[in-house]
Amino acid sequence: MAAPLSDTPLSPLQSIAVVGLGTMGTGITEVLAKAGREVVGIDISEAQAARSLAALEASTARAVQRGRLTEQERTAVLARVRVSTDLRTAADADLVIEVVPESYEIKQQVFRELDGLVRPETILATGTNALSVTRLAAESARPERVLGLHFFNPAPAMKLVEVVSSVLTAPAAVTAVTNLALDLGKEPVAVGDRPGFVADGLLFGYLNQAASMYEARYASREDIDAAMRLGCGLPMGPLALLDLIGVDTARTVLEAMYAESHDRLHAPAPILKQLSEAGLTGRKSGRGFYTYEAAGSATVVPDALTPLSGATEDSGRPVTSVGVAGSGTMASGIAEVFAKAGYDVVLAARSEEKAQTAKARIGKSLSRSVDKGRLTAEAAAQILDRITPAGSYDAFADVDLALEAVAEDLEVKQQLFATLDKVCKPGAVLATTTSSLPVVACARATSRPQDVIGMHFFNPAPAMKLVEVVRTVLTADDVHATVREVCGRIKKHAVDCGDRAGFIVNALLFPYLNNAIKMVQEHYATLDDIDAAMKLGGGYPMGPFELLDVVGLDVSLAIEKVLHREFRDPGLAPAPLLEHLVAAGCLGRKTGRGFREYARR
């Protein structure tokens, strides 16, 4: 009879079996072998096992060419790996990691067979990202030895490993696997058992919303992807990422998440089902949201939905002078962008003093560019000379484009647009930089709603390449064309979207941030683990709580309230923890405390 688990010292996990030699299984095998482990890779297909071994040989050969391995080290790595089609070769393993297809039936069959083969102390790990670890453990003969070990693709490159405990998992098993992950050079994050765990739990809700946004024809696939790459610094847009992951895989994960949460944000978008059932599963099939050169290729090729390059569009109105209303960071940043592009800029605020202060801020920004060698002192002086500060909006009488960047308050903006309507010449384009308010409400404050459009810049405007161009149902075609041409001249990437709350970026970003807060609120994972998971597993430049503290919790709450009010989806209701922090005055970095505390300057 085996000793009780608590009394059984866990030997170092030296001999490891990997069951399932697809892309993930092959990657995990490589990681283990490079870390000195003896690995047996097992697959029911002899051809697949041979392909896996060939892939490992090719990968290690590339590592030698790049100087990451010596030939001697490569030989040693390959010597530590053998492949098999017989599950009985896992009998002597200290750890078995299964990465077979995401199906309870298949995984349970593997675990049942392993129960009769492996030693009592062997740890059994599932690589699932969608199925219940608890359910898999409960049907095992030794549930205390079963846990989740979720690597990210490509396993050799991705640092994150989620170590998933069920209520049945023995702490000693978790410790042993966590130590292994550290020894592999990975960063393990401890999480509980729920579909998607941390990284995929947050990621797939966001991907699902992007698919729904595309399905509703709110924006093109290219614009959705560009918006999230340029607006959030993500390595890939959501639709391209769905194609990489596999549309069918994403649907499976979302089905599992929805079965547990009943949150409509997790209910798979119908287009995911349609594409999956049509066999259009993404890169692996050669077609998904995009069309690829061949099955398995990463090269996108034009198809019927690809925008025509150089497509003719209505010609816009001439723009040589620009008025920017406001005196804050965004207004001065936008004025700097236009002046750098050669436009004459009138920077108007509620007083001459505020306008001069805003211009001085631009001067400091240009000086920093000179210090960094990005501009000559002469060029900086010329740019600054193009900006004329003014203490009254009457100075906008002759501008061709008037752009407001005042407080995010609808009444304030409507009053300003009523003023611009009186001051600006006929034919001038009137634009708002709002990030969350209805553009049409600003337009209706004027007698010329056809001349009003949204131009949502991102902060800091000189550095961020994205502008969301927001048409209302009343915006004239030539006004839209004007703004697109202007975006090109100021070297910004314009994306088109309609006039609804959040536009593209905020409509996808803030529900993701809200869901991260709910994870902490429910004590599912810590702030640090969630931030680490999204940076390491999702390639995000900042974790959600780092970003919330930078944006400001009050700003975030206001945007989430707008989204909830417009879409009326219970899943978009702001997390109570966010509301409590805002009520307590903990607004993020600007107050010295938000989700974290910051040193006062």
Side-chain angles (χ1 to χ4, degrees), residues 1-6 8 10-11 13-26 28-29 32 37-49 52 82-151 162-174 176-177 180 192-197 248-249 252-253 255-256 259-260:
M1 181 175 174
L5 184 65
S6 57
T8 308
L10 279 164
S11 60
L13 304 176
Q14 293 296 328
S15 173
I16 301 172
V18 178
V19 182
L21 293 177
T23 304
M24 181 60 82
T26 300
I28 293 171
T29 298
L32 292 166
R37 271 32 183 207
E38 297 291 330
V39 188
V40 57
I42 304 168
D43 199 285
I44 56 171
S45 164
E46 193 168 327
Q48 184 59 48
S52 175
R82 59 194 172 102
V83 296
S84 171
T85 58
D86 187 349
L87 198 59
R88 285 176 295 185
T89 53
D92 295 324
D94 302 319
L95 167 69
V96 182
I97 306 170
E98 71 74 18
V99 273
V100 299
E102 288 289 274
S103 156
Y104 277 118
E105 291 73 19
I106 297 172
K107 290 182 186 291
Q108 284 168 339
Q109 178 63 30
V110 169
F111 276 99
R112 276 195 294 270
E113 290 187 38
L114 287 170
D115 279 339
L117 295 172
V118 300
R119 305 191 311 272
E121 64 272 19
T122 298
I123 297 173
L124 304 180
T126 171
T128 185
N129 67 341
L131 306 180
S132 168
V133 175
T134 307
R135 181 172 163 185
L136 292 170
E139 297 196 16
S140 165
R142 290 182 288 276
E144 72 279 7
R145 292 289 180 172
V146 178
L147 44 68
L149 192 58
H150 180 212
F151 287 80
E162 290 176 319
V163 179
V164 188
S165 304
S166 79
V167 291
L168 304 168
T169 309
V174 175
V177 168
L180 171 67
D193 181 25
R194 75 185 214 182
F197 313 130
D248 52 340
T249 302
T252 300
V253 175
E255 290 281 13
E260 178 160 313

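The shown structure was predicted, so the numbers you read here are calculated from the model rather than taken from an experiment. Residue numbers run from 1 in the order of the sequence given.
Residues Arg194 and Glu260 are not paired through a salt bridge, judged by the lack of any N-O separation under 4.0 Å between the basic side chain and the carboxylate. Using a 4.0 Å cut-off between charged nitrogen and carboxylate oxygen, Arg119 and Asp94 count as a salt-bridge pair.
With Lys107 contributing its side chain and Glu102 its backbone, the two residues share no donor-acceptor pair below 3.5 Å. Of the possible polar contacts, one joining the Asp43 side chain to the Leu21 backbone as a donor-acceptor pair under 3.5 Å is found. Listed for the Thr26 side chain is a donor-acceptor partner under 3.5 Å among the backbone atoms of Gly22. Checked by atom type and distance alone, the side chain of Arg145 pairs as donor or acceptor with a backbone atom of Glu121 at under 3.5 Å. Counting only distance, with no hydrogens or angles, the side chain of Asp193 and the backbone of Ser132 share no donor-acceptor pair below 3.5 Å. Judged by distance alone, the side chain of Thr29 and the main-chain N or O of Gly25 form a donor-acceptor pair under 3.5 Å.
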Quick one, Val19 with Val96, criterion side chain to side chain contact (heavy atoms under 4.5 Å, CB included). Give me CA distance, side-chain angles, the key distance, then yes/no. CA-CA 7 Å; Val19 182; Val96 182; 3.7 Å; yes

Salt bridge (Lys or Arg N to Asp or Glu O under 4.0 Å) between Glu113 and Arg88, intermediate numbers included: CA-CA 9 Å; Glu113 290 187 38; Arg88 285 176 295 185; over 6 Å; no

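Heavy atoms only, all atoms of each residue included: Ala173 and Glu144 are closest at CB-O, 4.2 Å. In terms of heavy atoms, Phe197 sits closest to Asn129 at CE1-CA, 3.7 Å. Listed here is the closest heavy atom pair of Ala17 and Ala93: N-CB, 3.9 Å. What you find for Pro143 and Ala137 is that their closest heavy atoms are CB-O, 3.1 Å.
Under the 4.5 Å side-chain criterion, counting only non-hydrogen atoms from C-beta, Val83 is not in contact with Val40. Residues Leu87 and Leu117 meet the side-chain proximity criterion, which asks for heavy atoms closer than 4.5 Å. Put simply, the side chain of Ile123 reaches to within 4.5 Å of the side chain of Leu147, judged on heavy atoms. Proximity of Val133 to Leu131: side-chain heavy atoms (C-beta onward) are nowhere separated by under 4.5 Å. Counting only heavy atoms from C-beta outward, the side chains of Leu95 and Arg37 never approach each other to under 4.5 Å. Under the 4.5 Å side-chain criterion, counting only non-hydrogen atoms from C-beta, Phe151 is not in contact with Val99.
Asp115 CG to Gln108 CD: the interatomic distance, rounded to the nearest 0.5 Å, is 11.5 Å. Annotation: the span from Ile42 atom CD1 to Ile97 atom CD1 amounts to 11.5 Å, rounded to 0.5 Å. Remark: Tyr104 OH to Glu139 CD distance equals 9.5 Å, nearest 0.5 Å. Note that the OG1 atom of Thr122 and the CZ atom of Arg142 stand 7.0 Å from one another [nearest 0.5 Å]. Once rounded to the nearest 0.5 Å, the distance linking OG1 of Thr85 with CD1 of Ile44 reads 9.5 Å. With rounding to the nearest 0.5 angstrom, the CD1 atom of Ile16 is 4.5 Å from the CG atom of Leu32.
Heavy-atom neighbours of Ile106 CD1 from other residues, nucleotides or ligands within 6.0 Å: above the threshold of 12. Atom CD of Glu46 has 12 or fewer neighbouring heavy atoms from other residues, nucleotides or ligands inside a 6.0 Å radius.
For the residue pair Ser166/Thr169, the side-chain donor-acceptor check at 3.5 Å is satisfied. In this model, no donor atom of one side chain and acceptor atom of the other lie less than 3.5 Å apart for Glu38 and Ser15.
For the pairing with Leu124, the side-chain contact (heavy atoms from CB on, under 4.5 Å) check across Leu149, Val110, Leu114, Leu136 returns one residue only, Leu114.
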